[in-house]
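First the structure, in the form of C-alpha cells, and then the observations on it.
If you're wondering where the values come from, they're calculated on a predicted model, not measured in any experiment.
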Amino acid sequence: MPPKLVPRPPLHYKFDSPLTERGQIVAETYGRGLANCGIHPFEVFCSPDMKSVQTAAGLVKGLGLSFTSINIEPALLTYRQMLPSNYQEMILSPRAFLGLGYPINLQYVPFQGLNASENIEEYNMRIQNFFRERISKIDQKLFVIVVSDNVMVDMTKNEFMETVDDILKSTKKATCQMNFISLKPGEAQIVDTPLLPLTKSLYVVKPFHWSEVPLKLSVPNHPELN
C-alpha cells in the first residue's frame, strides 16, 4: 500500500493509482545506485500519471540531486485508448504535484498535450517523436532519465506495439523495467545497464509458503499445540 494518499475521488485512483511504499523504496534505492555508478542526470522527464511522477521523485531523492527538477511530459503517457475520456480531469497538474512537495519544473514546456484519442500506430509514433525531437537533441555528454510505463521501455528496445495484446503483455512484466541508451550524433545504441533492477530478485527466488513452516512456529496459538 502507499504510505499516504492525496484526497481524491475513488475513481481517480482506479485509473491513476499511486506508487506503493515498496515502489517508493525501490525508486530511492535505485537512485542511490545510479549515483554510485557516477550517473548524475541533467534532466528528468516523466509521464503525468501519479506512479511515474512519484517514481521520478524517488529517483531524484535517491540521487541526492538538489538542482534537478522533474519535467512532466504528456507525450510519455500510456496508450490513450486504454484510459477514460475524462482522464485529464483525473491526473494532478504539475502545480498540484509541486504543492505536494514534489520537485516539479513549472517552467517546462511539454512536447505535446494529451491526445483526445489515437490509434496504436499514432501511439508508437508519439513515443518515437518525443525521443527524436526532445531527447536526441540534448547534449550527448549529459545523462537524462525518462520515466514512464513498461511499454515505453520496450519501445526504446525497438519493440513496435502492433496490437492491444502487445501492450497488455508489456504492462504485465515485472515492475521497474529499464533501458540504457547511448546517444551520438545520428546514432542511438542500447548499452549494458550499469545496475540491475532491484525487483529482479523478487521474481526469481523460491516462493515462500507458510504451509512449509513448522506448525508451532507458524500458528503459536493453535489448539493442537496447547
| message | One pair to check against side chain to side chain contact (heavy atoms under 4.5 Å, CB included): E159 and M155. What are the steps and the verdict? | response | CA-CA 5 Å; E159 295 185 22; M155 287 183 179; over 6 Å; no

Has the side chain of [X] got a donor or acceptor atom that lies under 3.5 Å from a matching backbone atom of [Y]?
X	Y	answer
T171	L168	yes
E73	F111	yes
S52	P48	no
N115	S117	no

Rounded to the nearest 0.5 Å, what's the gap from [atom1] on [X] to [atom2] on [Y]? Could you check?
X	Y	atom1	atom2	answer
K51	C46	NZ	SG	14.0 Å
Y13	M90	OH	CE	13.0 Å
R22	T20	CZ	OG1	5.5 Å
L76	N71	CG	CG	10.0 Å
L114	Q112	CG	CD	8.5 Å
M125	R132	CE	CZ	5.5 Å

Looking only at heavy atoms, what is the nearest atom pair of [X] and [Y], with distance?
X	Y	answer
I25	T29	O-OG1, 2.7 Å
Y123	L77	CE1-O, 3.7 Å
P74	I72	CD-O, 3.7 Å
I39	P41	O-CD, 3.7 Å
N105	S69	CB-OG, 3.1 Å
E43	I138	OE1-CD1, 3.6 Å

Do other residues, nucleotides or ligands put more than 12 heavy atoms under 6.0 Å from the [atom1] atom of [X]?
X	atom1	value
E121	CD	no
F42	CZ	no
K4	NZ	no

Just wondering, do [Y] and [X] contact through their side chains at under 4.5 Å, heavy atoms?
X	Y	result
M82	I167	yes
I70	Y108	no
M161	V151	yes

Quick check: is [Y] connected to [X] through a chain of hydrophobic side chains (ILVMFWY, heavy atoms under 4.5 Å apart)?
X	Y	value
F180	L59	yes
L92	L11	no
F45	I91	no
L19	L34	no
V53	L5	yes

When you check the gap from the basic side-chain N to the acidic O, do [X] and [Y] get nearer than 4.0 Å?
X	Y	value
E122	R126	no
R8	D16	yes
R80	E118	no

[X]-[Y] side chain donor-acceptor pair, cut-off 3.5 Å:
X	Y	value
T163	D165	no
S170	D154	yes
Q54	Y102	yes
D149	T78	yes

| task | Give every residue pair that meets the side-chain hydrogen bond (donor to acceptor under 3.5 Å, both in side chains) criterion with at least one member in residues 83-101, sequence neighbours excluded. | result |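 As it turns out, there is no side-chain hydrogen bond (donor to acceptor under 3.5 Å, both in side chains) pair with a partner in residues 83-101 once direct neighbours are skipped.
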
